[in-house]
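Heavy atoms only: backbone and side chains are in, while hydrogens, waters and symmetry mates are out. What you see is a predicted model; the values in this text were computed from it and never measured.
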Amino acid sequence: QVQLVESGGGLVQAGGSRSLSCAASEPSEPTFSARAMNWFRQAPGKEREFVASIAWDGGITLYSDSVKGRFTISRDNAKNTMYLQMNSLEPADTAVYYCAAARFPAAQGPDAPFSNFLYWGQGTQVTVSS
């Protein structure tokens, strides 16, 4: 079973940058490189929402309208790690950020059901102060 561990969260001022990582451990077989990976976030009192997705080979990336142009998703399959570079952060970006591994290799956009995702990380808090 794949385990996903997010890191890089913390407190940042508005306008600042932060980089998140999602490391996958695969004790049985290498599946990270065959799966699309997503970032989601959940703010207090709100539903979990799509942030970004990257296809298995990094060839296609998708973003929510709210982060497009500010966030960049990437992955390094040799390191079993996915990243989210967040720039020009806003207080509205404050949330717990989760990574998830999809059942499929193709990037999973905002309409993809949660059932499309096999594995989830525990989340990392990002707080943007004004």
Working note: F71 + I73, criterion side-chain contact (heavy atoms from CB on, under 4.5 Å); need CA distance, chi angles, decisive distance, verdict. CA-CA 7 Å; F71 290 12; I73 188 172; over 6 Å; no

Any side-chain to backbone donor/acceptor pair from R41 onto A95? Under 3.5 Å, distance only. no

Please find the pair of heavy atoms, one from S130 and one from P91, that lie closest to each other, and give the distance. CB-CG, 3.9 Å

Is it true that the side chains of N116 and Q108 contain a donor and an acceptor less than 3.5 Å apart? yes

Looking at S88, is its backbone amide N or carbonyl O close enough to the side chain of R70 to form a donor-acceptor pair, meaning the two atoms are under 3.5 Å apart? yes

Do any N or O atoms from the side chain of R18 and from the backbone of G8 form a donor-acceptor pair under 3.5 angstrom? yes

Are L4 and Y83 connected, step by step, through hydrophobic side chains (Ile, Leu, Val, Met, Phe, Trp, Tyr) whose heavy atoms are closer than 4.5 Å? no

Treating Ile, Leu, Val, Met, Phe, Trp and Tyr as nodes and any side-chain heavy-atom pair under 4.5 angstrom as an edge, say whether I60 and F117 lie in one connected cluster. yes

side-chain contact (heavy atoms from CB on, under 4.5 Å) assessment of Q85 paired with S74: CA-CA 8 Å; Q85 177 64 41; S74 62; over 6 Å; no

In this structure, is the centre-to-centre distance between the rings of W39 and F50 below 6.0 Å? no

Distance check, rounded to the nearest 0.5 Å: L20 atom CG versus S7 atom OG? 7.5 Å

Test side-chain contact (heavy atoms from CB on, under 4.5 Å) applied to Y97 and Q125, step by step: CA-CA 6 Å; Y97 284 72; Q125 175 72 47; over 6 Å; no

In this structure, would V67 and M86 fall into the same cluster of hydrophobic residues linked by side-chain contacts under 4.5 Å? yes

Would you say F32 and F40 are hydrophobically clustered, going by side-chain heavy atoms of ILVMFWY under 4.5 Å? no

Compare all side-chain heavy atoms of C99 with those of M82 and state whether any distance is below 4.5 angstrom. yes

Donor-acceptor under 3.5 Å (T124 side chain, G9 main chain): yes

Is there a side-chain contact (heavy atoms from CB on, under 4.5 Å) between L84 and T72? Walk through the geometry before answering. CA-CA 6 Å; L84 185 68; T72 302; over 6 Å; no

Is a side-chain donor or acceptor of E6 paired with a backbone partner of Q122 at a separation under 3.5 angstrom? yes

With clusters defined by side-chain heavy atoms of hydrophobic residues (ILVMFWY) lying less than 4.5 Å apart, directly or transitively, does V96 cluster with M37? no

Between CG of D93 and CG of N87, what distance do you get to the nearest 0.5 Å? 10.5 Å

Heavy atoms of other groups near L11 CG, more than 12 under 6.0 Å: yes

N38 backbone acceptor or donor facing S53 side chain under 3.5 Å: no

Check: T81/D76 side-chain N/O donor and acceptor closer than 3.5 Å: no

Cation-pi check, R75 onto W56 ring (under 6.0 Å, within 45° of axis): no

Counting C-beta onward and ignoring hydrogens, is there a side-chain heavy-atom pair between Y98 and V51 closer than 4.5 Å? no

Which heavy-atom pair separates T94 from V128 by the least distance, and what is that distance? OG1-N, 2.9 Å

Please report the shortest heavy-atom distance between S17 and V12, naming the atom on each side. O-CG2, 3.7 Å

